[in-house]
Amino acid sequence: MIDIASIRNDFPILQKEVHGKPLVYFDNAATTQKPRVVVERIENGYYNVNANIHRGVHYLSQAATEAHEEARKTVQRFLHASSPNEIIFTRGTTEAINLVASSFTDACMSEGDEVIISVMEHHSNIVPWQLQAARKGITLKVVPINPRGELCLDTFRELFTERTRLVSLVHMSNVLGTVNPIKEIIEEAHAHDVPVLVDGAQSVPHIRVDVTELDADFYVFSGHKIYGPTGIGVLYGKEEWLDRLPPYQGGGEMIATVSFEKTTFNELPFKFEAGTPDYIGSTALAEALRYVGRIGLAEIAAYEHELLVYMTERLKEFEGMRIFGEAAQKGAVVSFLLREIHPYDMGMLLDRLGIAVRTGHHCAQPLMQALGIEGTVRASLSFYNTKEEIDRFIAGIRRVEQMF
């Protein structure tokens, strides 16, 4: 059972007023707020354990190195990975996908080879592959969705050919909230000897992820979407794949030896971590994961589902309400349009009432095109939100409705 009052006390920003109104923060899919323990971990790192890691023999460097590598083990345990060598720290989901796109294409793809993605992908899982298509002539094949916002799995199965080299799909849509059947998708891909990259940016904060159970080849997520700091993220990769792939960037700790004639590369995970890593961010991310773990992902999922059902029911009270994405398996995201009210107008007017929502295409323009719209209003929930906040949100929409 979630102690909502205690949890909200952990997030000082939730006590803030916006335009003279108590803040209602429903933009969690864009970024989550940070609990005190995460900010305190950042402060402690800079004030007490700040030194460049891995290379120093002095006390502070050794302490910072130990904290950074312990953070790697925390991420390993959180994802249920087999080894800390399978955890690569990146700047976020976007860099992690770009890393795989670049290195995998270099090592495993030729002109005419295919990558399967879907129409519901974030731009971060579209544009990196388009860059590789322009550079190396690979082909993108796109899985459509049904009217409920679910992947058309029959079509997905039909897209495989002897030239398919990788599947790269989102676990949970940042627009529709759809939670894709990733385990089934991975099983199908592996039946064709095709590896799978999973974009877990939206799923990791809301549901338990076990990369070993899923048998995912690559899994990526961002720290700032799971109550951690910005500028830090994770690429999980099976060790056998990471060993096969060439480095993404050069310099710093990713080397073993350097001469003007030849450079040899470091062992995993350092081969993919060029330059000074964000050792402050990694330890703060680990603190965020421990915080989530103390609450419990099963409890988080149950409570957020309760909020999702309540918000959806309340929104359906409005005549002319269109909700985009009503999959059987859905996370705590609601994208909607009310009659002809422009999303930007709705978002701006709700902001004057202290209510933060996201408006626009949500970095998913191909999905918007498929839906036949330009954008939506998106309300995305967290375990620190309440039904009382949803009631304020509904009252705010009523005020906006009356203005139009």
Side-chain angles (χ1 to χ4, degrees), residues 52-55 64-108 124-125 128-129 132 166 168 170-171 195-201 203-204 209-212 214-226 228-256 263-289:
N52 210 327
I53 63 173
H54 291 142
R55 304 172 188 81
T65 299
E66 185 177 323
H68 179 70
E69 293 307 322
E70 185 56 39
R72 195 187 307 276
K73 292 176 183 176
T74 299
V75 177
Q76 174 206 348
R77 291 188 291 268
F78 186 81
L79 292 178
H80 304 274
S82 299
S83 165
N85 291 343
E86 298 179 321
I87 304 301
I88 310 298
F89 286 117
T90 67
R91 289 182 298 161
T93 300
T94 298
E95 184 178 62
I97 294 174
N98 274 273
L99 187 163
V100 175
S102 177
S103 295
F104 187 90
T105 302
D106 282 347
C108 305
S124 293
N125 199 27
W129 301 110
Q132 296 306 318
L166 185 75
S168 188
V170 68
H171 197 165
V196 179
L197 164 64
V198 183
D199 173 358
S203 50
V204 160
V209 172
D210 184 328
V211 293
T212 302
L214 290 174
D215 201 20
D217 301 283
F218 306 98
Y219 199 101
V220 300
F221 72 93
S222 298
H224 72 99
K225 294 184 189 292
I226 187 166
T230 59
I232 189 79
V234 169
L235 161 64
Y236 157 81
K238 285 182 179 176
E239 200 160 354
E240 62 195 81
W241 276 112
L242 295 178
D243 277 332
R244 287 178 58 184
L245 300 187
Y248 176 53
Q249 295 177 319
E253 195 63 23
M254 55 77 66
I255 61 92
T263 293
T264 58
F265 304 126
N266 206 342
E267 62 188 6
L268 292 175
F270 311 114
K271 184 174 81 168
F272 291 102
E273 293 180 355
T276 299
D278 186 359
Y279 53 86
I280 301 294
S282 64
T283 55
L285 170 59
E287 193 65 50
L289 299 184

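Treat the numbers as computed from the prediction; the structure is a model and nothing was measured. We use all heavy atoms of the structure for the numbers below, so side chains are in, but hydrogens, waters and symmetry mates are not.
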Participant: Measuring from Trp241:CH2 to Leu166:CG, what's the distance to the nearest 0.5 Å?
Facilitator: 8.0 Å
Participant: Could you pull out all residues at least two apart from Gln76 that satisfy side-chain hydrogen bond (donor to acceptor under 3.5 Å, both in side chains)?
Facilitator: none
Participant: For a quick test of reading the model, state the closest non-hydrogen atom pair linking Val198 to Ala216 and the distance between them.
Facilitator: CG2-CB, 4.4 Å
Participant: State which residues pass salt bridge (Lys or Arg N to Asp or Glu O under 4.0 Å) with Glu66; sequence neighbours excluded, sorted by chain then number.
Facilitator: none
Participant: Considering residues at least two apart in sequence or located in another chain, which fulfil the salt bridge (Lys or Arg N to Asp or Glu O under 4.0 Å) criterion with Asp199?
Facilitator: none
Participant: How far does CG of Asn52 sit from OG1 of Thr65, to the nearest 0.5 angstrom?
Facilitator: 8.0 Å
Participant: List in chain and number order the residues that pass side-chain hydrogen bond (donor to acceptor under 3.5 Å, both in side chains) with Ser124, two or more places apart in sequence or in another chain; answer none if no residue qualifies.
Facilitator: Thr94, His122
Participant: Could you go step by step and tell me if Leu99 and Ser103 meet the side chain to side chain contact (heavy atoms under 4.5 Å, CB included) rule?
Facilitator: CA-CA 6 Å; Leu99 187 163; Ser103 295; 4.2 Å; yes
Participant: Roughly how far, to the nearest 0.5 Å, is CD1 of Ile232 from CD1 of Ile280?
Facilitator: 10.5 Å
Participant: Could you grab the distance from atom SG of Cys108 to atom CG of Leu245, nearest 0.5 Å is fine?
Facilitator: 5.5 Å
Participant: What pairs with Phe89 under ring pair (Phe, Tyr, Trp, His ring centres under 6.0 Å), at least two apart in sequence or on another chain?
Facilitator: His68
Participant: Please confirm whether the backbone N or O of Ala101 pairs with a side-chain atom of Thr105, one donor and one acceptor, at under 3.5 Å?
Facilitator: yes
Participant: Mind checking the OG1-CG spacing from Thr90 to Leu235? Nearest 0.5 Å is all I need.
Facilitator: 7.0 Å
Participant: Sorted by first residue and then second, give each salt bridge (Lys or Arg N to Asp or Glu O under 4.0 Å) pair with at least one member in residues 228-249; sequence neighbours left out.
Facilitator: Asp215-Lys238, Asp217-Lys238
Participant: Of all the heavy-atom pairs spanning Ala96 and Val234, show the shortest one and how long it is.
Facilitator: CB-O, 4.1 Å
Participant: Supply the atom-to-atom distance Phe78 CZ to Ile87 CD1, rounded to the nearest 0.5 angstrom.
Facilitator: 11.0 Å
Participant: With sequence neighbours left out, write down each residue that passes salt bridge (Lys or Arg N to Asp or Glu O under 4.0 Å) with Glu86, or none if nothing qualifies.
Facilitator: none
Participant: Does Ser222 reach the main-chain N or O of His224 with its side chain, forming a donor-acceptor pair under 3.5 Å?
Facilitator: no
Participant: Could you list all the salt bridge (Lys or Arg N to Asp or Glu O under 4.0 Å) pairs where at least one residue sits in residues 268-283, not counting sequence neighbours?
Facilitator: Arg72-Glu273
Participant: Quick check: are there more than 12 heavy atoms from other residues, nucleotides or ligands sitting under 6.0 Å from CZ of Arg77?
Facilitator: yes
Participant: Between Asn125 and Ser168, which heavy-atom pair has the shortest distance, and what is it?
Facilitator: OD1-OG, 2.7 Å
Participant: What are the two closest non-hydrogen atoms of His171 and Gly200, and how far apart are they?
Facilitator: CB-CA, 4.4 Å
Participant: So do Ile226 and Leu289 actually touch side chain to side chain, heavy atoms under 4.5 Å?
Facilitator: yes
Participant: Sequence neighbours left out, what passes side chain to side chain contact (heavy atoms under 4.5 Å, CB included) with Ala67? Give chain and number order.
Facilitator: Thr283
Participant: With sequence neighbours left out, what residues match Tyr279 under ring pair (Phe, Tyr, Trp, His ring centres under 6.0 Å)?
Facilitator: none
Participant: I'd like to check the side chain to side chain contact (heavy atoms under 4.5 Å, CB included) partners of Thr212; sequence neighbours left out, ordered by chain and number.
Facilitator: Ser82, Asp210
Participant: Under the rule for ring pair (Phe, Tyr, Trp, His ring centres under 6.0 Å), what residues qualify as partners of Tyr248, not counting sequence neighbours?
Facilitator: none
Participant: Side chain to side chain contact (heavy atoms under 4.5 Å, CB included) for Phe221 and Val75? Distances and angles first, verdict last.
Facilitator: CA-CA 11 Å; Phe221 72 93; Val75 177; 4.3 Å; yes
Participant: So which heavy atom on Phe272 is nearest to which on Ile88, and how close?
Facilitator: CB-CG2, 3.7 Å
Participant: Is the closest side-chain heavy-atom distance between Ser102 and Gln132 below 4.5 Å?
Facilitator: yes
